[in-house]
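Have a look at the structure below, then the notes.
All heavy atoms count here, side chains included; hydrogens, waters and symmetry mates do not. Keep in mind it's a predicted model, so treat the numbers as computed, not measured. Note on naming: letters A, B, ... go to the chains in the order of the sequence lines (proteins, then strands), and numbering restarts at 1 for each one.
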Amino acid sequence: MARFSTPRGTHDILPADWPFWRFVAGHAEQAAQLFGYQRIETPILGPTELFLRTSGEGSDIVDKEMYTFEDRGGDSLALRPEGTAPAVRAYLEHGMARLSQPVKLFYIEPMFRYDRPARGRFREHHQFGCEAIGSEDPYVDVEIIALLAQLYRRVGLRDISLHINSIGCRECRPHYVEELVRHLEANREDLAERDLERLQTNPLRVLDSKEQQSQAVIEEAPSILDWLCEDCREHWKRVQHGLTLIDQPFVVDPRLVRGLDYYTRTAFEFLADTDGSWLAVGAGGRYDGLAEAIGGPPVPGIGFGMGVERVVAMVKDSGAEIPQQMAPDVFVAHMGDDAADRALVDVMRLRDRDIPAVMAFGQRSLKTQMKQANALGARNAAILGEDEIAGGTVTVRSLTTGEQRSVPEHDLVQDIAAEN
RNA sequence: GUGACCGUAGCUCAAUAGGCAGAGCCCUGGAUUGUGGCUCCAGAGGUUGUGGGUUCGAGCCCCAUCGGUCACCCCA
């Protein structure tokens, strides 16, 4: 008989993990709402074609990371690898263009990528994502970046730096890519083999290559920022101006590019310093070409995805004090069948009055029941035994002070409520 | 997907040179009848990830496989 375990690269989120998840997700939701973003939830499954169109053939996501299958009706579906395409799909499908623009959406949902697992990289991971669709105002870019930055601060993470770039639009980027290719071709003998491959498939990606051998050539490469068209240059200028206005520090990194084709103009990453190596904990950018790519009218948009597991791990490591699960106010211990009956009734009465209460199960020694009450962090133990049954009372013991008193059973709720 | 390292109880880890698989934590029971935290005693819990191989004998050596980690790759 085989033992089952979670599929490779997937994880259970256990009760012990939940305080951290609730902390991060709660702050994320709060930040999103603070900035006027509204929650959306899209199906975990999407048409394979949707992701093919938006991520682009040749991207790693499409070529080797998608969980794709044919359903019983013959449709090709995929487990959602990222959140932006479904959000824009929903925008188009539900005619959100009629709402006041931009439409600002957020989600916290699982994403799936068939990747080889490593630290901070999973086949199923959760992303907190925000999408602002329907405006190309550079301050939308500034705002959405500020939202993420504020979230990191709220969960107590320091040492996270913002790297930002503009990668132009379909007007100006092709000219730049042409120039870049010219430069790389001229120096191909100094490029690493892997980068020669990239040169063919996705020249922009050579820029963020980590190949030692290629660095000199990359240093000398033309900067896309010098090739922006008039509109893109103005947009880029305004984004930086806005970030400066709100005192958001940033590092301009002209080599920051994107793995997904539909990104335009603003591209950004939040990098965390995790023992020596940098890990992206949130990244996003503008995708003014996405809506058209999936058959809609031209609609500008910008968004980001934040890796919840990565942020949760950092919050855990930070040693911050996280609000714990609500402990019961009352643990009802009992001895004997009659007492168990009373315990069941009393615990329900307490709950009906919004007092968190749990009862002991099974027939165990009072000592053990008290131990359990203590382990659960209960503030009080209510004890029901023969004496109490006979007298119609219940013994209430404070587990914080150790004080103990006898109260009439019908006054129990009132007695506990008064104490709070 | 490539390379390297690692898999022993629910958790953290022991086990000489191939020679009976252990400890702490957790859990359960108990330490004068019905009272938690500290302490003490006892118990439960294992096909040593899995499948083969070598050997009189394998947790330890070999092969495969699964899983994890690290560096690439890529990303959140």
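- Of the candidates B:G67, B:C75, B:U35, the closest approach to any side-chain atom of A:Arg8 belongs to B:G67.
- Of the P atoms belonging to B:G3 and B:U8, the separation is 24 Å, rounded to the nearest Å.
- Residue-level contact check: A:Glu388 touches the bases, meaning some heavy atom is under 4.0 Å from a base atom.
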Under 3.5 Å, which protein N or O atoms sit close to an N or O of nucleotides 28-32 of chain B? Give each pair with its distance.
residue	atom	partner	partner atom	Å
B:U28	OP1	A:Arg364	NH1	3.1
B:G29	OP2	A:Thr368	OG1	2.9
B:G30	OP2	A:Ser365	OG	3.2

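- For A:Ile383, counting side-chain heavy atoms from C-beta on, the closest listed nucleotide (B:U69, B:G1, B:U35) is B:U35.
- Paired regions of RNA chain B, where each region holds three or more successive Watson-Crick or G-U pairs whose two hydrogen-bonding distances fall under 3.5 Å, are B:1-7 with B:66-72, B:10-13 with B:22-25, B:27-31 with B:39-43, B:49-53 with B:61-65.
- For the P atom pair drawn from B:A17 and B:G24, the interatomic distance equals 25 Å after rounding to whole Å.
- For the C1' atom pair drawn from B:U50 and B:C41, the interatomic distance equals 39 Å after rounding to whole Å.
- Of the listed nucleotides (B:A76, B:G68, B:U35), B:U35 has the atom at the smallest distance from the side chain of A:Leu366.
- Contacts of A:Gly305 with the nucleic acid, taken as non-hydrogen atoms under 4.0 Å apart, involve only primed sugar atoms and P, OP1 or OP2.
- Between A:Asp329 and A:Leu350 there is no side-chain heavy-atom pair separated by less than 4.5 Å.
- A:Phe122 comes within 4.0 angstrom of a base, heavy atoms only.
- Straight-line distance from the CH2 atom of A:Trp21 to the C1' atom of B:A76: 12 Å, rounded to whole Å.
- Residue A:Ala373 is classed as having no contact, given no heavy-atom separation below 4.0 Å to the nucleic acid.
- Relative to the side chain of A:Asp115, the nucleotides B:G36, B:U35, B:C74 differ in distance, and B:C74 lies closest.
- Taking atom P on both nucleotides, B:U55 is separated from B:U12 by 37 Å, rounded to a whole Å.
- Distance noted for atom C1' between B:U32 and B:A44: 27 Å (whole Å).
- Across all strands, A:Gly120 comes closer than 4.0 Å to base atoms (heavy-atom distances).
- The A:Asn374 side chain lies nearest to B:G36 when the options are B:C70, B:G34, B:G36.
- Of the listed nucleotides (B:G1, B:C75, B:G36), B:C75 has the atom at the smallest distance from the side chain of A:Arg205.
- Under 3.5 Å, the side chains of A:Arg80 and A:Thr42 contain a donor-acceptor pair of N or O atoms.
- For A:Arg342, the salt bridge (charged side-chain N to carboxylate O under 4.0 Å, His left out) test picks out A:Glu409, with sequence neighbours left out.
- Nucleotides B:C74 and B:C27, compared at atom C1', are 43 Å apart to the nearest Å.
- Checking A:Leu384 against A:Gln127, the closest nucleotide of RNA chain B that is more toward the 5' end is the one next to A:Leu384.
- Tested against A:Tyr107 for a side chain to side chain donor-acceptor pair (under 3.5 Å), the candidates A:Glu131, A:His126, A:Arg39, A:Glu41 yield a single pass: A:Glu131.
- A:Thr10 comes within 4.0 angstrom of nothing in the nucleic acid, heavy atoms only.
- Comparing B:C70, B:G34, B:G36 by their nearest atom to the side chain of A:Arg116 picks out B:C70.
- Nucleotides B:U48 and B:A9, compared at atom C1', are 10 Å apart to the nearest Å.
- The residue A:Gly284 sits apart from the nucleic acid: no heavy atom pair falls under 4.0 Å.
- Between A:Trp21 and A:Trp18, the ring-plane angle classifies as tilted under the 30° and 60° cut-offs.
- Residues A:His27 and A:Val311 have side chains not in contact (no heavy-atom distance under 4.5 Å, counting atoms from C-beta outward).
- No engagement by A:Glu309 is indicated, since no non-hydrogen atom pair under 4.0 Å with the nucleic acid exists.
- One P atom belongs to B:G36, the other to B:G30, and the distance between them is 12 Å to the nearest Å.
- The side chain of A:Ala118 approaches B:C70 more closely than any other nucleotide in the set B:C74, B:C70, B:G34.
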